[in-house]
Amino acid sequence: MMDGQVSHWSGDAGRPVPRLDLPGNISADVAIVGAGYTGLWTAYYLKKARPGLRIVVIEERHVGSGASGRNVGALTNAITGGRERYVRAHGLDAVGRFHAAMTDTVSEIMRVAAAERIDADIVHGGEFTVATTPAQEARLRAFVASERRYPGTDLTLLEAAEAAEAAEASRRINVAGARVASWHPHAARIQPVKLARGLANAVERLGVAIYERTRVVEVDPYELQTTHGTVTADHIVVTGAGVSGYLGGARQRWFPVRASLIATVPLPAEIWDAIGWASGEILREATRGVISAQRTPDDRIVLGARAPAYRLGLGRGGDGAMSASSVRALRETLQRLFPATRGVELARAWSGSLPAARDGSATVGIDHATGIAWGGGYAGSGIAASNLAGRTITDLVFGRESELVALPWVQRPMPGSRRSPLAVVRSARRSR
Ligand SMILES: Cc1cc2nc3c(=O)[nH]c(=O)nc-3n(C[C@H](O)[C@H](O)[C@H](O)COP(=O)(O)OP(=O)(O)OC[C@H]3O[C@@H](n4cnc5c(N)ncnc54)[C@H](O)[C@@H]3O)c2cc1C
C-alpha cells in the first residue's frame, strides 16, 4: 500500500505532498494537534482572522489519515446525537440556532472550497433516507414527525408511491423494498481526502506550518511534548482521538467506535439505469446503526455502516484493515439495497474509528486557565461539525462573545460528569 493510503479516497487523490517532520523545539502562538478537519479548519479561521499569528499543526501520520480521510463523504447539517438532549437543557430557541448554524456550515464549507479552489468533488444533492422494513419505517416516520416540531425544518416525508415517482421524476435513488423515504436539501457529497488535502494546502498558503510523522506524546498547558521536540504556544488545540484521550479523564465518558466502508469498481451504465442516483444525493438507510452511501464522480458506490460492522475499535483507526465478515456484511447490504450490483467487484474496503461520547453528543470548548481548546466527538456528522468547531474555537481563542460560542454544545459538561470541561481538564492533568 502506498504510504498514506488509508482509504479509497487517498488512492483516488493520488500521492500526497510530502511534508517535513518537526525539526526540533519551536514556539508558536497556536499549536494544533492533528491535521484532520478540526485542526485544519481551526488553523484556517485563526489565520484568516489574524494573518500575523504563528500557527503550527502537528500530525502523527499524514494530513487526513484519521477519520477525515476515511469517511463516507456525507456532508450534512445533522446535530450529532440529535436535538432532544439539547432541547431539554437549553430550550427550543437555542437548539434552533444550533441547527441553523449546522445548516449554514454546509454552505460555508462549499463557499470556502470554491474560494480556495479546493476541488473536493462536491455536489450539493441533498440527503435521501429510506426505510426498507416496518421497524425502519416506524423509526423514520417518528423522526420526521419529531423534526417537524422545530421551526425551519424542511424535511419532507415521501410515501412509497411518491418516493417511486420522485425516483422516476428526478432520477433519485431506486432502492429495493423502499417503504417510505425522507429528503432534505442540506447535504452534499464530497471526496473526503481531497477536502483535507485541499484545506492543508490552503492553510499552508496562508503561512501555517504543518509537520507530519510527529507524534504528540503529552499535552501540557502552553506546551506539547512530541517525538521530535517541544512546542510551546499560548494556545493549544486538541482534536480527533486526542480529545477523548485528553478530556476523557475517565474511560466511562468516551468509547471508540469503528466504522467500515466499501467502494465498488466503477459501475456500468446499465446498472446506473436501474439505480438512478444522478444528482449527487447522500443516501442513508434508516437502520439503527446508520448505513450511508454516495455515488462517486467515477461511478462507484461507496457505502459504510456502523452496525453490525461498527464495533469497538482502536482509538486512532490503525491502518484501516477490515475483517472478512465486515466486508461480507457490507457487500450483502449493498446487494440488498441494489440487487443490480450482484456480482459487482469491490475495489477497496477500509475502516476508521472515532471517539464517541457516552451521551452521543459532540463537544467544543476551551480552558482559559491553560490555553487548551478542543473539538470532537462528532460521530457521523463530523464533516460539518468540525468546520463549526474550527470557527467556534477561533472565537474562543480570541475571547469573542459571538453567536457561535453561545451555541449549546460549547463548554458542554462532559457526559457522566456534573463537572464542567474545565474541571475535567484539570483533573485529567492531575491524574498523570
Ligand atoms: C469510517 C467513518 C465514516 C464517517 N462518515 C462520515 C460522514 O459520511 N459524514 C460525516 O459528517 N462524518 C463522518 N464521519 C466522521 C468524520 O469523519 C469525523 O468526525 C471527522 O473527520 C473528525 O475530524 P477530526 O479532525 O476531529 O479528527 P481526525 O480526522 O481523526 O483527525 C485527527 C488527526 O490527529 C492525528 N493524531 C491523533 N493522535 C495524534 C497525536 N498523538 N499526535 C499527533 N497527531 C495525532 C490523527 O492522525 C488525525 O490525522 C465518519 C467517520 C469514520 C471513521
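Each ligand, and each atom within it, is numbered from 1 in the order the structure gives.
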Inset, instruction - Please work out whether any backbone atom (N, CA, C, O) or any side-chain heavy atom from C-beta onward of Ser353 is under 4.0 Å from ligand 1, and answer side chain, backbone, both or neither. - result: backbone
Legend entry - Leu53 backbone acceptor or donor facing Lys47 side chain under 3.5 Å: yes
Inset, instruction - Please answer whether the main-chain N or O of Arg189 pairs with a side-chain N or O of Gln294 as donor and acceptor at a distance below 3.5 Å. - result: no
Inset, instruction - Could you tell me whether Gly375 and ligand 1 have an N or O pair separated by under 3.5 Å? - result: no
Inset, instruction - Measure the distances from the heavy atoms of Ser292 to every atom of ligand 1 and state whether one is below 4.0 angstrom. - result: no
Inset, instruction - Output yes when the distance from some N or O of ligand 1 to some N or O of Ala259 is under 3.5 Å, and no in every other case. - result: no
Inset, instruction - State whether the number of non-hydrogen atoms from other residues, nucleotides or ligands found under 6.0 Å of Arg117 atom CZ is greater than 12. - result: no
Inset, instruction - Report yes if Arg61 has an N/O atom closer than 3.5 Å to an N/O atom of ligand 1; otherwise report no. - result: no
Inset, instruction - Hey, can you tell me if Tyr45 and Trp41 have their rings parallel, tilted or perpendicular (30° and 60° cut-offs)? - result: parallel
Legend entry - Short N or O distance, Val216 and ligand 1, threshold 3.5 Å exclusive: yes
Inset, instruction - Determine yes or no for a side-chain-to-main-chain donor-acceptor pair under 3.5 angstrom, with Asn25 supplying the side chain and Thr230 the backbone. - result: yes
Inset, instruction - Just let me know how Thr226 lines up against ligand 1, side chain, backbone, both or neither, with a heavy-atom cut-off below 4.0 Å. - result: neither
Inset, instruction - Please indicate whether any nitrogen or oxygen in Gly39 is less than 3.5 Å from any nitrogen or oxygen in ligand 1. - result: no
Inset, instruction - May I ask you to check whether Ser386 has an N/O atom sitting below 3.5 Å from an N/O atom of ligand 1? - result: no
Inset, instruction - May I ask whether Gly380 has any heavy atom positioned less than 4.0 angstrom from an atom of ligand 1? - result: yes
Inset, instruction - Answer yes or no: is there a donor N or O on one side and an acceptor on the other, between the side chain of Arg295 and the main chain of Gly276, under 3.5 Å? - result: yes
Inset, instruction - Using non-hydrogen atoms of the residue, decide whether Gly73 is closer than 4.0 angstrom to ligand 1. - result: yes
Inset, instruction - Give a yes or no on whether the backbone of Ser351 and the side-chain of Arg70 come within a donor-acceptor separation of less than 3.5 Å. - result: yes
Inset, instruction - Please answer whether the main-chain N or O of Leu22 pairs with a side-chain N or O of Thr214 as donor and acceptor at a distance below 3.5 Å. - result: yes
Inset, instruction - With side chain to side chain contact (heavy atoms under 4.5 Å, CB included) as the test, would you mind laying out the steps for His184 and Thr153 before giving the verdict? - result: CA-CA 9 Å; His184 74 89; Thr153 301; over 6 Å; no
Inset, instruction - Determine yes or no for a side-chain-to-main-chain donor-acceptor pair under 3.5 angstrom, with Tyr37 supplying the side chain and Ser68 the backbone. - result: yes
Inset, instruction - Could you say whether the N/O atoms of Asn71 and ligand 1 ever approach to under 3.5 Å? - result: yes
Legend entry - Check: Arg284 N/O within less than 3.5 Å of ligand 1 N/O: no
Inset, instruction - Before signing off on this row, confirm whether Thr76 and ligand 1 have an N or O atom pair separated by under 3.5 Å. - result: no
Legend entry - Ser260 N/O under 3.5 Å from ligand 1 N/O: no
Legend entry - Thr214 contact mode with ligand 1 (heavy-atom cut-off under 4.0 Å): backbone
